[in-house]
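In the text below, chain A, chain B and the rest are named by the order of the sequence lines, each starting its count at 1.
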2 protein chains.
Amino acid sequence: MIFNLATGYALQALAGLPESGEYALTRDLAERLELPSPYLAKILQNLARAGILESSRGPKGGYRLARKADQISVEKILFALEGEDALNGCVMGFPVCDASHPCPMHDAWTAVKTQMEASIISTTLADLRRAAVFKSKPKSARKR
Amino acid sequence: MIFNLATGYALQALAGLPESGEYALTRDLAERLELPSPYLAKILQNLARAGILESSRGPKGGYRLARKADQISVEKILFALEGEDALNGCVMGFPVCDASHPCPMHDAWTAVKTQMEASIISTTLADLRRAAVFKSKPKSARKR
DNA sequence: TTAAATTAGGACCAAAGGGTCCGAAATGAT
DNA sequence: ATCATTTCGGACCCTTTGGTCCTAATTTAA
Ligand code: SF4
Ligand code: SF4
C-alpha cells in the first residue's frame with residue numbers, strides 16, 4: 001500500500017467524526033470502525049496536536065473536527081501523520097532523483113505521482129464522508 | 001516510497017549484472033553502487049532462488065542474469081521480492097475494496113494503480129540498463 | 001467538593017524491514 | 001588433496017511501525 005496503516009485509520013475515523021457540536025468518543029468510534037481502540041486513540045491525539053481535530057476531556061468530551069469537512073484535504077491528513085515530504089523522493093526508492101539523468105521509468109512514475117498528488121489535494125473529508133464503505137463492513141471481513 | 005528499499009536495490013543491482021558469460025561479484029557490485037554489501041548479498045540470494053539470477057560458488061563465481069535483460073520485467077522483480085499481491089489491495093490501506101461501495105478516491109486510485117501496473121509490466125531490465133543514473137552517483141550524495 | 005468520565009502522555013511490547021556476521025557448502029586453481 | 005574464493009543459510013541486531021497499558025490532568029455533574 002502507499003499510505004501507512006495509521007493514515008488509513010485516520011481517514012476512516014475522520015470521516016466518521018462530527019463536524020461541530022457534540023464530541024464523539026474514541027471508544028465508540030473504534031467500535032463502529034472495528035479498529036484497535038488504544039491505537040486509534042494515539043492517532044486521534046496526533047490529529048488533535050496537528051490542529052485537525054478539537055478535543056475535550058471529561059464527561060461529554062471526545063473529539064470533533066476543527067474545521068468544516070470540506071476544508072480538510074486528504075493531503076493535510078497525510079502530511080500531518082507522515083510528514084510534509086511524504087510524497088517527495090523517487091517512487092521507486094532510488095536515492096538520486098536527477099532530472100538530467102532520468103531512469104526509463106521516470107516519465108511514467110512522474111505521471112503516477114502527479115495524479116496521486118492531484119487526487120489527495122482535491123479530495124476532502126466531505127467527499128470521504130459520502131462513502132458507504134467507511135460506515136459498514138461486510139460481516140465476511142470480520143474475524144470470527 | 002512505493003517499493004521497499006530492497007526492491008530498489010535489486011533493480012539497481014540487476015541493471016548492473018552481466019546478461020551471460022562471466023559472473024559478477026557481490027562485493028564489486030556493492031562497491032560500484034555504494035550499497036551495503038551483506039544486505040545486497042541477501043537480496044541477490046533471493047533473486048537467485050526466484051530464478052531471476054544464476055549463481056555460481058567458488059572462484060570465478062558470482063551472479064549473472066538467468067535470462068536476457070529484455071525478458072525480465074520490473075514486475076517480475078517486484079513480485080519475487082514483495083510477493084505476488086504486492087499491488088493488490090487498496091492503495092489507501094483500507095480493508096474493504098468493494099467496487100459496489102467505492103470511496104470517493106476510488107476512481108482516481110484505480111487510475112493511478114492501472115498506470116503503475118502498466119509501467120512496471122512494460123519496463124524491462126534492458127530499459128533500466130540504458131539509464132545513467134544507476135551507474136554514477138553524484139559526489140554530493142555520498143556520505144563524507 | 002467529590003466522583004466519574006475522558007483525553008494526554010509516556011512506558012512498554014511485538015512484528016517487520018533493513019542490515020551485519022559467521023560458519024557451512026561448493027567450486028576452481030594449484 | 002588442499003586451499004582460496006565465493007555463495008548459502010541462519011542467527012542476530014537496530015529502527016520503525018503497529019499496538020497495548022497505565023497514570024496524570026482536565027472537565028462535567030451530582
Ligand atoms: S529518474 Fe528513475 S530513479 Fe530517478 S526519480 Fe525518476 S523514477 Fe526514480
Ligand atoms: S473504494 Fe476507496 S477504500 Fe475501497 S479500494 Fe477503492 S480507494 Fe480503497
Side-chain angles (χ1 to χ4, degrees), chain A residues 1-13 17-18 21-31 33-66 78 80-83 86 93-95 143, chain B residues 1-13 17-18 21-31 33-66 78 80-83 86 93-95 143:
Chain A
M1 103 190 48
I2 291 174
F3 298 167
N4 62 29
L5 248 193
T7 306
Y9 289 175
L11 289 169
Q12 296 176 60
L17 245 24
E22 295 280 307
Y23 292 94
L25 291 256
T26 303
R27 188 174 357 98
D28 295 351
L29 194 56
E31 199 168 332
L33 300 172
E34 303 183 52
L35 298 179
S37 173
Y39 189 43
L40 178 60
K42 274 268 146 66
I43 296 168
L44 295 180
Q45 282 176 46
N46 288 337
L47 292 170
R49 257 195 299 268
I52 291 173
L53 287 179
E54 282 174 353
S55 65
S56 167
R57 307 198 227 196
K60 300 293 292 175
Y63 293 98
R64 71 181 172 208
L65 301 187
L78 208 220
L81 295 178
E82 305 189 22
F94 295 137
K143 58 164 168 280
Chain B
M1 104 190 48
I2 291 174
F3 297 167
N4 61 29
L5 248 195
T7 306
Y9 289 176
L11 290 170
Q12 297 176 59
L17 244 25
E22 295 279 308
Y23 292 94
L25 290 264
T26 303
R27 189 174 356 101
D28 295 350
L29 195 55
E31 199 167 331
L33 301 171
E34 302 183 54
L35 297 180
S37 173
Y39 189 43
L40 178 60
K42 273 267 147 63
I43 296 169
L44 295 180
Q45 280 176 47
N46 288 338
L47 292 170
R49 255 195 301 269
I52 291 174
L53 287 179
E54 283 175 353
S55 66
S56 168
R57 306 200 227 195
K60 300 294 292 176
Y63 293 98
R64 69 181 173 206
L65 302 188
L78 208 219
L81 295 178
E82 304 190 22
F94 295 136
K143 58 164 169 281

dist A:Leu53:CG -> A:Tyr23:OH (nearest 0.5 Å) comes out at 11.0 Å
Answer with base, sugar-phosphate or nothing: what part of the nucleic acid does B:Pro36 contact at a heavy-atom distance below 4.0 Å? sugar-phosphate
Once you round it to whole Å, what is the distance between P of C:dC21 and CG of B:Leu40? 15 Å
Looking at every non-hydrogen atom in both residues, tell me the closest pair between A:Ala10 and A:Leu81 and how far apart they are. CB-CD1, 3.5 Å
Gap between atoms CG and P, on A:Leu5 and C:dA15 respectively (whole Å): 15 Å
DNA chain D: first to last nucleotide in contact with chain A (atom under 4.0 angstrom from a heavy atom), 5' to 3', is D:dG18 to D:dT28
Which atom pairs, donor and acceptor, lie under 3.5 Å between side-chain atoms of residues 37-51 of chain A and protein residues at least two apart or in another chain?
residue: A:Asn46; atom: OD1; partner: A:Arg49; partner atom: NH2; Å: 2.8

Check residues 55-63 of chain B and write down every donor-acceptor pair under 3.5 Å in which the side-chain atom is one partner and the other belongs to a residue at least two apart or another chain.
residue: B:Lys60; atom: NZ; partner: B:Glu22; partner atom: OE1; Å: 3.3

Closest approach of A:Glu82 and A:Thr7, non-hydrogen atoms and distance? OE2-OG1, 2.5 Å
Taking only residues two or more places apart in sequence or in another chain, which ones pass side chain to side chain contact (heavy atoms under 4.5 Å, CB included) with A:Arg27? A:Leu25
Between atom CG of A:Leu17 and atom CG of A:Leu65, what is the distance when rounded to the nearest 0.5 Å? 5.5 Å
Whole angstrom is fine here: how far is it from NZ in B:Lys42 over to C1' in C:dC22? 10 Å
Non-neighbouring partners of A:Glu54 that pass side-chain hydrogen bond (donor to acceptor under 3.5 Å, both in side chains), sequence neighbours left out: A:Arg64
In this structure, how many angstroms lie between the C1' atom of C:dG19 and the CD atom of B:Gln45, rounded? 14 Å
Between protein and nucleotides 2-6 of chain C, what N or O pairs are separated by less than 3.5 Å?
residue: C:dT6; atom: OP2; partner: A:Arg27; partner atom: NH2; Å: 2.8
residue: C:dT6; atom: O4'; partner: A:Gly58; partner atom: O; Å: 3.3
residue: C:dT6; atom: O2; partner: A:Gly58; partner atom: N; Å: 3.2

Please report, rounded to the nearest Å, how far the P atom of C:dT20 is from the CG atom of B:Leu35. 11 Å
A:Tyr23 OH to C:dT7 P, straight-line distance once rounded to whole Å: 11 Å
Taking atom P of C:dT27 as reference, at what distance in whole Å does atom CD of B:Glu54 sit? 14 Å
